[in-house]
Amino acid sequence: SQQGEEDPQALSIQEGENATMNCSYKTSINNLQWYRQNSGRGLVHLILIRSNEREKHSGRLRVTLDTSKKSSSLLITASRAADTASYFCATAGGYQKVTFGTGTKLQVIP
Amino acid sequence: EPEVTQTPSHQVTQMGQEVILRCVPISNHLYFYWYRQILGQKVEFLVSFYNNEISEKSEIFDDQFSVERPDGSNFTLKIRSTKLEDSAMYFCASRSYAANTGELFFGEGSRLTVL
């Protein structure tokens with residue numbers, strides 16, 4: 001299974017602090033994606049990093065990928081209360097199937 | 001901005017009844033997916049669909065489940081005889097044809113409650 005496993009399962013930080021979430025997966029991938037889910041809502045794509053990339057930035061998001069360790073991290077800098085959500089990594093190995101991890105529930109306290 | 005729409009937003013049904021969940025993917029997308037999320041748990045892949053046929057399915061997607069794209073716009077998930085354990089949020093997603101674009105666009109989900 002390519003299923004990602006995120007850690008921590010839950011993270012609580014103060015507004016303005018940085019939040020780091022990690023994801024590990026089991027098999028080779030074409031790309032790894034991070035999604036966000038507000039409670040009870042659909043998932044929203046945040047960022048995609050390809051297997052030949054090591055780091056990618058998008059606004060306050062920074063994603064790293066280490067294919068030798070089969071791991072990725074998502075850093076959210078200068079967190080805001082509105083960043084409170086669950087964050088999932090998702091791996092795509094074959095052409096179509098995208099498999100989601102277990103998620104990290106982030107709470108940003110104002 | 002184009003979006004994936006799902007109906008109904010919430011359906012309550014009796015065990016053993018048939019349920020159809022509907023999705024309208026983004027119009028120029030060619031890959032379609034159903035995922036399931038039991039409350040507070042992980043997002044589980046059910047099935048992917050391309051070129052009017054299932055391209056991949058998970059172990060969850062047994063004979064009780066079926067998908068179809070009856071009219072070129074809607075993409076439906078049918079559960080023939082619902083069980084209590086089918087209670088979950090069901091998310092539809094779609095993806096464009098471009099091979100380098102792995103991003104999935106999700107709908108807001110249909111909450112299924114089986115009593």
Side-chain angles (χ1 to χ4, degrees), chain A residues 1-7 9-10 21 23-53 56 58 61 63 65 72 85-107, chain B residues 1-7 9-10 21 23-26 29-51 53-61 88-111:
Chain A
S1 167
Q2 295 173 0
Q3 184 175 20
E5 300 289 336
E6 285 94 332
D7 82 273
Q9 288 186 323
M21 289 158 266
C23 167
S24 60
Y25 57 93
K26 294 178 182 175
T27 61
S28 60
I29 60 172
N30 288 338
N31 66 66
L32 186 143
Q33 304 170 44
W34 285 89
Y35 287 79
R36 166 194 169 125
Q37 183 184 36
N38 286 1
S39 180
R41 305 292 299 274
L43 289 89
V44 176
H45 182 265
L46 295 175
I47 193 165
L48 179 152
I49 186 166
R50 295 187 176 84
S51 59
N52 61 352
E53 296 176 312
K56 203 160 183 181
S58 176
L61 305 180
V63 169
L65 178 64
S72 173
S86 291
Y87 292 83
F88 295 87
C89 70
T91 53
Y95 193 59
Q96 296 182 33
K97 182 178 177 180
V98 178
T99 305
F100 285 82
T102 52
T104 293
K105 189 170 286 190
L106 173 67
Q107 181 185 26
Chain B
E1 186 173 324
E3 59 181 17
V4 176
T5 57
Q6 290 186 241
T7 55
S9 56
H10 189 192
L21 305 178
C23 169
V24 179
I26 295 173
H29 285 188
L30 296 179
Y31 298 96
F32 312 114
Y33 302 79
W34 283 101
Y35 286 84
R36 178 180 86 174
Q37 186 179 35
I38 295 171
L39 185 62
Q41 297 187 26
K42 61 188 178 186
V43 179
E44 300 175 294
F45 171 80
L46 292 179
V47 66
S48 59
F49 191 86
Y50 170 71
N51 200 26
E53 61 182 21
I54 290 173
S55 47
E56 198 161 359
K57 60 182 180 179
S58 71
E59 293 175 352
I60 303 168
F61 195 88
M89 281 289 282
Y90 289 81
F91 291 102
C92 173
S94 68
R95 183 166 72 81
S96 73
Y97 177 74
N100 289 333
T101 305
E103 176 182 356
L104 296 183
F105 290 80
F106 280 83
E108 289 296 328
S110 292
R111 180 175 298 282

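Quick caveat, the model's predicted, so the values are computed rather than measured. Just so it is clear: chains get the letters A, B, ... in the order the sequence lines come, proteins before strands, and each one is counted from 1.
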Look at the side chain of B/Glu108 and the backbone N and O of A/Gly42, then say whether any donor-acceptor pair between them is shorter than 3.5 Å.
-> yes
Would you please test A/Leu43 and B/Tyr35 for side chain to side chain contact (heavy atoms under 4.5 Å, CB included) and show each step?
-> CA-CA 11 Å; A/Leu43 289 89; B/Tyr35 286 84; over 6 Å; no
Given side chains that start at C-beta, do those of A/Phe88 and B/Val43 come closer than 4.5 Å, heavy atoms only?
-> yes
State, to 0.1 Å, how close A/Leu48 and B/Glu103 come at their nearest heavy-atom pair, and which atoms those are.
-> CD1-N, 4.1 Å
Heavy-atom closest pair, residues A/Tyr35 and B/Leu104 = OH-N, 2.9 Å
Atom CD of A/Gln9: over 12 foreign heavy atoms under 6.0 Å | no
Straight-line distance of A/Gln37 CD to B/Phe106 CZ, nearest 0.5 Å | 9.0 Å
Which distance, rounded to the nearest 0.5 Å, do you find between the OG of B/Ser55 and the NZ of A/Lys97?
-> 10.5 Å
So which part of B/Gln37 gets closer than 4.5 Å to some heavy atom of chain A, the side chain, the backbone, both or neither?
-> side chain
Crowding at NZ, A/Lys56 (>12 non-hydrogen neighbours, <6.0 Å) = yes
